Number of protein chains: 4
Amino acid sequence: MSESPIPPVSLRGRPRSQRAERAILEATTQLLEEGGFVALTMEEVALRAGVGKATIYRRWPTKGMLAFDAFLAQFLARQPLPDTGTLRGDLLAALRAWIRTVNGTVTGRTLVGLIAEVQRDPALADVWSDRFVRPVRDQHRVMIERGVDRGEIPPGADPDIALDLLFGSAYHRLLQSHLPLSDRFAQVVVDTVVSGMAGGPR
Amino acid sequence: MSESPIPPVSLRGRPRSQRAERAILEATTQLLEEGGFVALTMEEVALRAGVGKATIYRRWPTKGMLAFDAFLAQFLARQPLPDTGTLRGDLLAALRAWIRTVNGTVTGRTLVGLIAEVQRDPALADVWSDRFVRPVRDQHRVMIERGVDRGEIPPGADPDIALDLLFGSAYHRLLQSHLPLSDRFAQVVVDTVVSGMAGGPR
Amino acid sequence: MSESPIPPVSLRGRPRSQRAERAILEATTQLLEEGGFVALTMEEVALRAGVGKATIYRRWPTKGMLAFDAFLAQFLARQPLPDTGTLRGDLLAALRAWIRTVNGTVTGRTLVGLIAEVQRDPALADVWSDRFVRPVRDQHRVMIERGVDRGEIPPGADPDIALDLLFGSAYHRLLQSHLPLSDRFAQVVVDTVVSGMAGGPR
Amino acid sequence: MSESPIPPVSLRGRPRSQRAERAILEATTQLLEEGGFVALTMEEVALRAGVGKATIYRRWPTKGMLAFDAFLAQFLARQPLPDTGTLRGDLLAALRAWIRTVNGTVTGRTLVGLIAEVQRDPALADVWSDRFVRPVRDQHRVMIERGVDRGEIPPGADPDIALDLLFGSAYHRLLQSHLPLSDRFAQVVVDTVVSGMAGGPR
DNA sequence: GCGTAACCGAGACGGTACGTCCCGTCTTGAT
DNA sequence: ATCAAGACGGGACGTACCGTCTCGGTTACGC
């Protein structure tokens, strides 16, 4: 699943302990569950994992990187690429899966914490783009392209804006908490976007 | 604009110094400009404002609250309530104003930092809701309601979801930085949402 | 007993409140009882006395001065000038009175705290000399002089060194707590000093 | 001379830096010289020693303990155990050495500050007893015992009271500053005490 | 089968910022 | 001019973590 983010400098010498790596990620997940990104301190991770702090820093350069790896495994495992035969069906399935993954969950809280961290740590921002945003969007974009192929929306439609509308509005409710991420919300959002894209350049 | 966040408990005793309050907010703004939310330390604010730390804590219980007050004044001053005569015109004007305010600006970076901070500080979350999210949405919702009155979109349309689509997608690009907050983006988003809401229950 | 240490600057305007003065000294005594000189803070005195801090500073320039006034009243009331007819009797009575006053009492602990404070506050040191050390020594020296008059010790004896031996050893046990201020201690000290002074220049 | 006051809990991990320890004690001594116990702040010690505050607290739990260690090294190095062949000679040599060490010196001022500190910090009081008062008295008591062995004073004489008279009177002049710690003072005190002890139960 | 290089847990290191406490002064409106 | 109240600028406190470093000890590869 999640492999060593920083590979050993050399192949000589004592190899990295897999046990330590597992223990670190488990401790990280546990701390994220207990108190979110704020409660995640390297000191406490080391303590709980029974590991020296240097052993953590040897693998993950920053707290953000560590949390990212713990988060990503949990997140990706829950994002299917639906193939229901209709654009509406695909988008609704994907949006519902996303909501299920983040709404009221540790994964959701971690996602929010990481979004914040990404703003201040440029190195994390790169990793965030390359290993989270881009892959997830690439996967989701497939649904739009299939809709175009099926003629459900015109070829001129901008798939990126479609994704921004769909998931941006969902991220918005996750981050601002002003209104619930209900199933009705998912349905109306999908309907409105599909309808808007279809009839866009009417 | 920005009033005393925590009013004095009593009317007796020496009144709070307005000079100190101004100096604190100015130092805060300056630090936010220089290094964003991360670089904002109470210690440095006190130093630059020529103020004891206790004088800050007397008014703002946390760094988040302080940054919020400094942010809010700057943000609200730039969000007009457009009245162009058409739904499309109003929404486009509002979205463009928002983008202008946050895209590549200190205000935008502070907004992001605060969104993160809000997730971890429940007291700040309340203030964030009451004094930022709700007022801004209430103002924006007026545009949708005028569109309904003019018959541009049907009465059944959910104005909150319309706002989530419009601004959620914009917040998404601000926070994930995967694609630019271009003017074309604003136009397509507005067109798609207006069209989607109009033809929704066709 | 203890009068206003700093008289009003002028006789015009509102006169100083005697109620405030009493309340301050009572609060001071109470705090000295509870936690000694360390626990004595101007803030807490003002709070308990129901008095503004400025009202205290108008009368006592420092914490040491305030504690000194609260201490002196209690101390002096308990130091008699014995007149038993013999040098030994007088000295023993005086030493016993001193021990009774300070051994295990708040007055004793305050005395120690003040001795420390005196070292760092030159203004307090002056007051300490003029209003505590000198008067008490002058009173005690009378006993020695009566002993000389009675022929119990030779005229060449240095009364100051006699007092230093008597009370210095007692202060020593009070401050170092290495051995108790027992009555036997008092007796042996008096006997040794009287005998030493008598036979000094044999 | 002065050993690590709080030994590491465990032998594992990075060992305590001797360089840091030396630097801390030097900075402490320097600050005590400049402004006495009052001017001694942990913050300034850390700054001058080029050390984090935690590094100080790891070894010395309080300011008093730190000052004590810095003081003790200086003090003990200057207290000889005289052996002149007569009680009077020994006591005079010891008292003169003590006066030389504390009269008008940094060591003397620190001694006074510590005596005050001892009254308020029970943990320091224990250390003060065990590592200062007791050892010094034990050393001094030897002189008395040799006097008894030589028949200069009777076996019934209480050596502790003899020490209290000798050094108590000297501490008294140090702390109250009412009269100087002159050499005449030392001579008369020693003569009086020796004579008093000798002729006590005449 | 032996040296050695990289690892391991532990914990100390210099440093930054925190939020609190108290100092002695100052500023109100009200006697 | 003084009162109670309480805010002011300032200094130091003791704590929490940061990311780095230094120990003695442990693998496991390549000579």
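Note: hydrogens, waters and symmetry copies are ignored here, and every other heavy atom, side chains too, is used. Model, not experiment: these values are computed from the prediction. Just so it is clear: chains get the letters A, B, ... in the order the sequence lines come, proteins before strands, and each one is counted from 1.
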- prompt: Would A/Leu111 and A/Thr107 count as a side chain to side chain contact (heavy atoms under 4.5 Å, CB included) if you check the C-alpha gap in whole Å, the side-chain angles of each, and the deciding distance to 0.1 Å?
  reply: CA-CA 6 Å; A/Leu111 173 55; A/Thr107 305; 5.6 Å; no
task: Please report, rounded to the nearest Å, how far the P atom of F/dT15 is from the CZ atom of D/Arg58.
output: 12 Å
Closest to the B/Glu43 side chain, choosing from E/dC18, F/dC18, E/dT28: E/dC18
A/Glu44 CD - E/dG11 C1' separation (whole Å): 15 Å
- prompt: Taking C/Arg48 for the side chain and C/Thr28 for the main chain, is one N or O donor matched with an acceptor at less than 3.5 Å?
  reply: no
- request: Could you check whether C/Ala54 gets within reach of a base, just the sugar-phosphate, or nothing at all, counting any heavy atom under 4.0 Å?
  value: base
message: If we ignore hydrogens and angles and just use 3.5 Å, is the side chain of A/Lys63 paired with the main-chain N or O of A/Leu40 as donor and acceptor?
response: yes
- prompt: Roughly how many Å is it from CE in A/Met42 to C1' in F/dC17, rounded to a whole number?
  reply: 11 Å
- request: Please figure out whether D/Pro61 or A/Lys63 has its closest DNA chain F nucleotide nearer the 5' end.
  value: D/Pro61
query: Would you find a donor on one side and an acceptor on the other, under 3.5 Å apart, between the side chain of B/Gln119 and the backbone of B/Ile115?
result: yes
message: I want to verify a distance call: between F/dC8, F/dC21, E/dC8, whose nearest atom is closest to the B/Arg14 side chain?
response: F/dC8
message: Without decimals, in angstroms, what is the distance between A/Ile24 CD1 and E/dC7 C1'?
response: 12 Å
query: Which value, rounded to the nearest 0.5 Å, describes the distance between B/Ile24 atom CD1 and B/Thr29 atom OG1?
result: 11.5 Å
query: Whole-Å distance between F/dC18 P and A/Arg120 CZ?
result: 13 Å
query: E/dC22, E/dC8, F/dG9: which one has an atom nearest the side-chain heavy atoms of B/Thr55?
result: F/dG9
query: Contact class for D/Arg12 vs. all strands (heavy atom < 4.0 Å): base, sugar-phosphate, or nothing?
result: sugar-phosphate
- prompt: Start at the 5' end of DNA chain E and walk down; is the nucleotide closest to B/Leu40 or to D/Gly13 reached first?
  reply: D/Gly13
message: Can you see if the side chain of C/Arg19 gets near the phosphate of F/dA4 - specifically, an N or O under 4.0 Å from OP1 or OP2?
response: yes
task: Would you indicate which nucleotide in F/dT2, F/dC8, F/dA4 comes nearest to any side-chain atom of C/Arg16?
output: F/dT2
message: I need the CD1-P distance between A/Ile56 and F/dT20, as an integer number of Å.
response: 13 Å
- prompt: Which comes earlier along DNA chain F counting from the 5' end, the contact point of D/Pro15 or that of A/Tyr57, where each point is its nearest nucleotide?
  reply: A/Tyr57
query: What is the distance from CE of A/Met65 to C1' of F/dC18, rounded to the nearest Å?
result: 17 Å
- prompt: Taking CG from C/Leu66 and P from E/dG24, how many angstroms apart are they, rounded to a whole number?
  reply: 11 Å
task: Record whether the side chain of B/Lys53 comes under 3.5 Å of the base of F/dG10 through a donor-acceptor pair of N or O atoms.
output: no
